Amino acid sequence: MENRENRVLYVRLPCNPIFPIGVVYLSDHVHKLFPDVEQRIFDLGAVPPLDFAKALDASIDEFKPTLLVFSWRDIQIYAPVGGRGGNPLQNAFEFYYAKNPLIKFRGALGGLRLAASYYTELWRNLGLIKRGLKRARKYRPEARAVVGGGAVSVFYEQLGRSLPTGTVVSVGEGEALLEKLIKGEDLAEERCYVVGETVPRAKLIHEKPANIEKTACDYNYIETIWPEFSYYLQDMDFYVGVQTKRGCPHNCCYCIYTVIEGKQVRINPADEVVAEIRQLYDRGIRNFWFTDAQFIPARKFIDDAVELLQKIIAAGMDDIHWAAYIRADNLTPELCDLMVKTGMNYFEIGITSGSQELVRKMRMGYNLRVVLENCRDLKAAGYNDVVSVNYSFNVIDETFETIRQTIAYHRELERIFGADKVEPAIFFIGLQPHTILEEYAFKKEILQPGYDPMSLMPWTARKLLWNPEPLGSFFGQICLEAWQRNSNDFGREVMAILEEKLGCADLEEALTAPVEIKDKQLAAVN
Ligand code: B12
Ligand code: SF4
């Protein structure tokens with residue numbers, strides 16, 4: 001039997017205003033199992049920074065929780081866009097690669113500012129967890145803290161060191177863990193550890209998530225426990241998260257999603273997803289982000305996507321828009337048609353490189369030729385909105401030839417969708433723990449086991465922001481020039497400069513990967 005005294009407070013730690021779907025789903029799940037348990041959602045994403053501590057105190061004083069569920073979404077900030085402390089990639093590259101001492105100095109200053117803001121956020125969040133727990137214990141000495149969310153799943157080993165003894169640190173989905181915490185059951189089988197009491201098991205992150213079938217989130221209930229819900233209803237441009245499945249079966253060398261969510265894809269029943277969208281729709285929401293690691297993870301899930309989109313149409317919600325991460329190798333003309341009809345108006349394809357040879361080496365399982373064919377189908381179906389194409393240069397074995405191939409590929413995508421519709425998002429991989437790329441870095445002695453993946457100290461950050469020599473400095477210079485020419489259109493500038501310097505390959509070369517038997521470096525790592 002559950003302990004009826006449980007009072008659960010969900011604290012979403014400060015974050016850019018992204019809908020806090022994680023805590024919404026957790027509280028919905030708990031409510032369905034334990035309708036008598038009192039719950040409250042408190043979202044620091046909707047509070048101005050100067051008020052964080054005060055607002056947290058007030059929420060605890062009012063609710064007097066026995067269980068504090070802290071949800072921490074993101075920590076890592078390497079991105080080509082302006083982050084919370086400036087443009088991290090630009091600062092880092094100016095510092096590492098600029099020849100002009102003034103620009104180098106500016107990069108160093110920017111890097112310092114960024115490091116300061118990174119560590120301030122880190123310490124601030126850890127401080128909020130400690131503060132919240134201490135305050136809750138004034139009212140309920142038995143109060144306990146549990147932390148989880150995307151950031152904790154990636155850095156669970158490191159974060160535990162700075163958290164109060166007794167804090168439960170959770171990896172991946174939290175539904176099953178919260179169930180046990182509420183029932184007061186033993187946590188030994190869960191993907192978690194308790195600070196000061198247990199240590200994370202080896203390969204904890206590789207353990208399978210619990211197989212729970214998701215039902216439509218009950219927003220009538222959610223709005224009763226979340227007074228600030230309306231904050232997300234006000235801005236009609238906002239994309240509210242809806243999950244349609246969990247898990248990704250692929251093995252892309254740098255990706256940790258497949259580890260966090262597991263390789264087994266678990267589909268949320270289409271009727272339940274539609275029922276959830278309907279509740280948001282009735283509250284005025286028209287923009288949805290399908291938060292799946294991949295909306296169509298493999299061909300065998302095409303039918304599920306078709307079923308969902310058909311049901312959205314049947315439900316008469318014909319004025320919505322949606323966006324998602326899409327593996328564009330898994331489309332059919334029917335699915336393309338449905339995507340357009342249901343209002344998909346943005347998607348991201350993470351092909352990483354336009355060279356089939358590299359895509360294979362990175363173990364991404366993409367057939368680039370099929371991606372192009374499917375994109376043509378999507379265009380023919382009437383897709384006229386933006387597609388963001390994520391490229392990460394210099395992951396492994398990049399050469400001038402493979403760069404030329406990526407340009408050829410990108411230009412072909414532009415021919416299909418229109419140059420103004422294809423946005424090249426140039427990322428450099430932020431190396432993450434528990435990935436195949438991390439093992440590769442150990443093997444190549446670029447990193448030593450025991451390194452701190454959360455460190456932003458220049459000597460570590462330089463390795464974690466993956467851009468190894470011999471091409472590292474070359475890309476550094478290209479990016480610096482691109483920012484100088486037009487920092488508002490960084491991705492397109494990078495492509496243009498690369499093409500000016502190196503030219504463009506024949507598309508057929510990009511699409512053909514020579515079969516290599518001896519060069520299986522990444523495969524060997526696994
Ligand atoms: C969809 C997605 C996006 C979308 C979000 C769209 C939207 N409107 O919601 C977009 C593209 C906008 C996006 C952007 C970014 N993202 Co993102 N994103 C994801 C993704 C794929 C899914 C997140 C999600 O919503 N899942 C569904 C919900 C239900 O799950 P959830 O919130 O994680 O909650 C579950 C569990 O985490 C857990 N849980 C959550 N809280 C708690 C608390 C406790 C106590 C417990 C026990 C459990 C628990 O239980 C929940 C239910 O099962 C994840 C990767 C992944 N597969 O998880 C990355 C991820 C969250 N993103 C990440 C990052 C870094 C970003 C960016 C900052 C990238 C960048 N540098 O620009 C940006 C900006 C975000 C911002 N705050 O401004 C990282 C965060 C970790 C990190 N490395 O720091 C992740 C984990 C990817 C990664 N491995 O790097 N993202
Ligand atoms: S397909 Fe996407 S989510 Fe899946 S492993 Fe590859 S990069 Fe990760």
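Along the sequence shown, the residues carry numbers beginning at 1. These figures come from a predicted structure and were not determined experimentally. Note that ligands are numbered from 1 as they come in the structure, with each ligand's atoms numbered from 1 the same way.
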Margin query: When you compare ligand 1 with Ser170, is there at least one nitrogen or oxygen pair between them that comes in under 3.5 angstrom?
Written below: no
Margin query: Given Arg191, Glu348, His434, Arg73, identify the one with the heavy atom nearest to atom 60 (C) of ligand 1.
Written below: Arg73
Item checked: Quiz item: cation-pi between Arg286 and Tyr281, 6.0 Å / 45° -> yes
Item checked: Test salt bridge (charged side-chain N to carboxylate O under 4.0 Å, His left out) applied to Arg266 and Glu173, step by step -> CA-CA 13 Å; Arg266 290 150 295 148; Glu173 291 150 24; 2.9 Å; yes
Margin query: Checking a contact table here: which protein heavy atom is nearest atom 3 (S) of ligand 2, and how many Å away?
Written below: Tyr257 CD2, 3.5 Å
Notebook entry, point to check: Quick check: does any side chain N or O of Asn16 sit under 3.5 Å from a backbone N or O of Ile18, one acting as donor and the other as acceptor?
Noted result: no
Check: What protein heavy atom sits nearest atom 6 (Fe) of ligand 2, and how far away is it?
Finding: Cys252 SG, 2.3 Å
Notebook entry, point to check: Do ligand 1 and Gln243 have nitrogen or oxygen atoms that lie under 3.5 Å from each other?
Noted result: no
Note to self: Only heavy atoms of Cys255, strictly under 4.0 Å: list the atoms of ligand 2 that pass.
What the structure shows: 3 (S), 5 (S), 7 (S), 8 (Fe)
Notebook entry, point to check: Does NZ or CZ of Lys245 fall inside the cone over Phe301's six-membered ring, less than 6.0 Å from its centre and within 45° of the axis?
Noted result: no
Margin query: Please determine whether any non-hydrogen atom of Tyr10 lies less than 4.0 Å from an atom of ligand 1.
Written below: no
Notebook entry, point to check: Can you find an N/O atom of Val146 closer than 3.5 Å to an N/O atom of ligand 1?
Noted result: no
Listed pairs under 3.5 Å, donor-acceptor, residues 155-166 side chains, sequence neighbours left out:
from: Glu157; atom 1: OE1; to: His434; atom 2: NE2; distance (Å): 3.1

Next item on the list: Could you tell me whether any N, O or S atom belonging to His250 is less than 2.8 Å from atom 8 (Fe) of ligand 2?
Entry: no
Check: Judging by distance only, is a nitrogen or oxygen of Ser71 under 3.5 angstrom from one on ligand 1?
Finding: yes
Item checked: Neighbour count >12 (heavy atoms, 6.0 Å) for atom NZ, Lys263 -> yes
Note to self: Among all the protein's non-hydrogen atoms, which is closest to atom 1 (S) of ligand 2, and how far away is it?
What the structure shows: Arg327 NH1, 3.4 Å
Check: Can a salt bridge be assigned to the pair Glu207 and Lys203 using a cut-off of 4.0 Å between side-chain N and carboxylate O?
Finding: no
Item checked: Protein heavy-atom partner closest to atom 4 (Fe) of ligand 2 - residue, atom, separation in Å -> Cys248 SG, 2.3 Å
Margin query: Contact between ligand 1 and Arg246 is defined here as a heavy atom of the residue under 4.0 Å from a ligand atom; is it met?
Written below: yes
Checklist line | Distance-only N or O hit between ligand 1 and Val69, under 3.5 Å | finding: no
Note to self: Less than 6.0 angstrom from the centroid, inside 45 degrees of the normal: does Arg327 satisfy that with respect to the ring of Phe295?
What the structure shows: no
Notebook entry, point to check: Does NZ or CZ of Arg7 fall inside the cone over Phe63's six-membered ring, less than 6.0 Å from its centre and within 45° of the axis?
Noted result: yes
Check: Should Gln294 be listed as contacting ligand 2, given a heavy-atom distance under 4.0 Å as the test?
Finding: yes
Next item on the list: Using distance alone, determine whether Glu261 and ligand 1 share an N or O pair under 3.5 Å.
Entry: yes
